[in-house]
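Within every chain, numbering begins at 1; the chains are lettered A, B, ... in the order of the sequence lines, protein sequences first and strands thereafter.
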Protein chains: 2
Amino acid sequence: MPVRALWWESGKLAYIDQRLLPGRLRVVRTARVRDVAQAIRTLAVRGAPTIGVAAAFGMVLAKAEGGRSPDAAARLLASTRPTARDLFVGIEAVRRAWAAGEDALAAAEAYRERIVEECHAIGISGAPVFRGKPRVLTHCNAGALATVEWGTALAPLRVAKQRGGEPFVWVDETRPLLQGSRLTAWELGQEHIRHAVIADGAAGHFMKAGEVDSVIVGADRIARNGDFANKVGTYEKAVLANENHLPFYVAAPWSTFDISRPTGDSIPVEERDEEEVLELAGTRLAPRRSRARNPAFDVTPARYVTGFVTPEGILPPATLAKVLRGHRRPAMRG
Amino acid sequence: MPVRALWWESGKLAYIDQRLLPGRLRVVRTARVRDVAQAIRTLAVRGAPTIGVAAAFGMVLAKAEGGRSPDAAARLLASTRPTARDLFVGIEAVRRAWAAGEDALAAAEAYRERIVEECHAIGISGAPVFRGKPRVLTHCNAGALATVEWGTALAPLRVAKQRGGEPFVWVDETRPLLQGSRLTAWELGQEHIRHAVIADGAAGHFMKAGEVDSVIVGADRIARNGDFANKVGTYEKAVLANENHLPFYVAAPWSTFDISRPTGDSIPVEERDEEEVLELAGTRLAPRRSRARNPAFDVTPARYVTGFVTPEGILPPATLAKVLRGHRRPAMRG
């Protein structure tokens, strides 16, 4: 069974609590929009495309619960996290249908279908780059858990494997929340794709040693010029790939592209609780009186990107703005 | 009381078990060379200058225990870890005295004194660079714990603070063994130096945001041309500092310089057990069937180094070979 991050089930949203993986595979079912907001805020549900779909179904639950206007429900869900563009696109897709008296569930399901189809198309777009036995580095988790199905960064590797390729994946563990060692390694294991987990700081060593052929990551928000926000640490990998003359790819569905932002300078970067850095599974890592800083994302300038792997092919940053004009969709400003 | 990593006490080597910090400050005393070797191997005692001094005292213990030749004792201690140059220099300082029928303890104490004095001199050399309120990034631990007293990378910050400066330190947590969040943060706390722990992957974000003024690290072995080995992740910081036009300093006593190596290409890089990456404090971080790679060090090319902070001033890589010729000391090849 391929991994799915969430699905609709008898009037409820069912989702995998991603905080418990890989130790425990727990599915949560809820009919309350507040629970969906809390799941997004606490990263039980995470990954830009996945939280967009979760929020779309959250809007459906809000409508069924009653007591909130479409705008109020949208505000509740939009307040959960600031960086991922998809969150606001997913909310808006259902808000508009609800406000117009249309079928909200149909709108959410159409949005989910669109995301899943686009991720599959990303896999088909990107697979030819990963033929044979490529050694590919990725950061964070941009697999099915992050995107409902298929993944963004992992989709081309899955399609390449289905076509007989044998990709090997260097998995940055991705501190502080270890989405690499916990989630990406788990997904790759499910699909029998060879991989090795490494400390985030070891990626440069393996690049310099000639043991990495290319890098592919997902994104949380991509500006019109190709600057993009993704999990903190992504900027470091992009600079190191560039320094070592390795191709660096960013895979995303259209919902991640933010045509309203000319550059990455104005992308809001969420700073999360310092305890995520200072503690792990109840163990204190640093002295009691030490403080931490914990930006959840960083912004990588477009000049480090070889290509954006999109549902319609691999686009270099220079052609991005032109292509995006064909995908202008009204969306809630987020 | 300033922190000391180890000391000689009534015929025994006393050392802080650095694996237990910051939660527990445990001092271990031993009269057996095997225990010293094991402490170095397991990182209870770590940091290039500190393991050099620990091994010097280990030689003294081997002589007192009897049953081993100077060469056999040296081989036992030299087999513990491959990368740090200081280990072999410390062993050789005592092996030579022992083989010549001289006072082994006096040789070990002289070696320790030399390291401590050189680290203090490093502080004096480097302090002028860190005047005022500099925001300085460091990786791993190159403080007193790593060097017996004073530190290498941290020594200039300590001296700067004594002179009225107010340095702020960005502390890379330094996965997998967290020498940054556990040890550097603890030392800085002891000395009331302001600091914030960050995930290793966040350093680039803060550099790009203009929140870092310079980077300083220690080293485990420095080749004649200035290529150097240090804790894995150091290479990434060096590339990022260069990309962001920030000065990047490497602080080390003469025992870390390996005049026999023309470049860093032949420096042996220790690869440690994958469990250091896959588990933390008894918690499994990755799926049971996932594997990891765990190089303990990386090698940074000299071109990324602004200057080596030595006991005799700050030297750019270009002048290093010339200065090193004045410090040629016979040493065991390690």
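In this structure, the portions of A/S290 lying under 4.5 Å from any heavy atom of chain B include both its backbone and its side chain. Heavy-atom distances place the side chain of B/F206, and not its backbone, under 4.5 Å from chain A. Heavy atoms of B/K231 lying under 4.5 Å from chain A are absent altogether. Contacts between B/R284 and chain A at a heavy-atom distance below 4.5 Å are absent for every atom of the residue. For a residue to count as touching a neighbouring chain, one of its non-hydrogen atoms must lie under 4.5 Å from one of that chain's; by this rule B/N244 touches chain A with the side chain only. Of the atoms belonging to B/E243, it is side-chain heavy atoms, and not backbone ones, that fall under 4.5 Å from chain A. When heavy atoms are compared at a cutoff of 4.5 Å, B/A209 does not approach chain A at all.
What you find for B/S181 and A/P287 is that their closest heavy atoms are O-CD, 3.1 Å.
Options A/G23, A/P295, A/P301, A/G189 differ in how many heavy-atom pairs under 4.5 Å they form with chain B, and the most are formed by A/P295. Among A/K208, A/H139, A/R194, the residue with the largest count of heavy-atom pairs under 4.5 Å with chain B is A/K208. The choice from A/T234, A/N294, A/V277, A/T300 that makes the most heavy-atom pairs within less than 4.5 Å of chain B is A/V277. Of all the listed residues (B/A281, B/G282, B/G180, B/P22), the one sharing the greatest number of non-hydrogen pairs under 4.5 Å with chain A is B/P22. Interface check for chain A: of the options B/V269, B/V299, B/L183, the most heavy-atom pairs under 4.5 Å are formed by B/V299. Of the residues considered (B/E173, B/H195, B/E274, B/R289), B/E173 shows the highest number of contacts with chain A, using heavy-atom pairs under 4.5 Å. Considering only heavy-atom pairs separated by less than 4.5 Å from chain A, the leading option among B/R182, B/E236, B/H205 is B/E236. Interface summary for chain A: among B/L240, B/I198, B/D200, the most heavy-atom pairs under 4.5 angstrom belong to B/L240. Per-residue counts of heavy-atom pairs under 4.5 Å with chain A were compared for B/V239, B/V232, B/L285, B/T174; the largest is that of B/L285.
The CZ atom of A/R293 sits 5.0 Å away from atom CD of B/E211, with the distance rounded to the nearest 0.5 Å.
For the pair B/M207 and A/Y235, the minimum side-chain heavy-atom distance is 4.5 Å or more.
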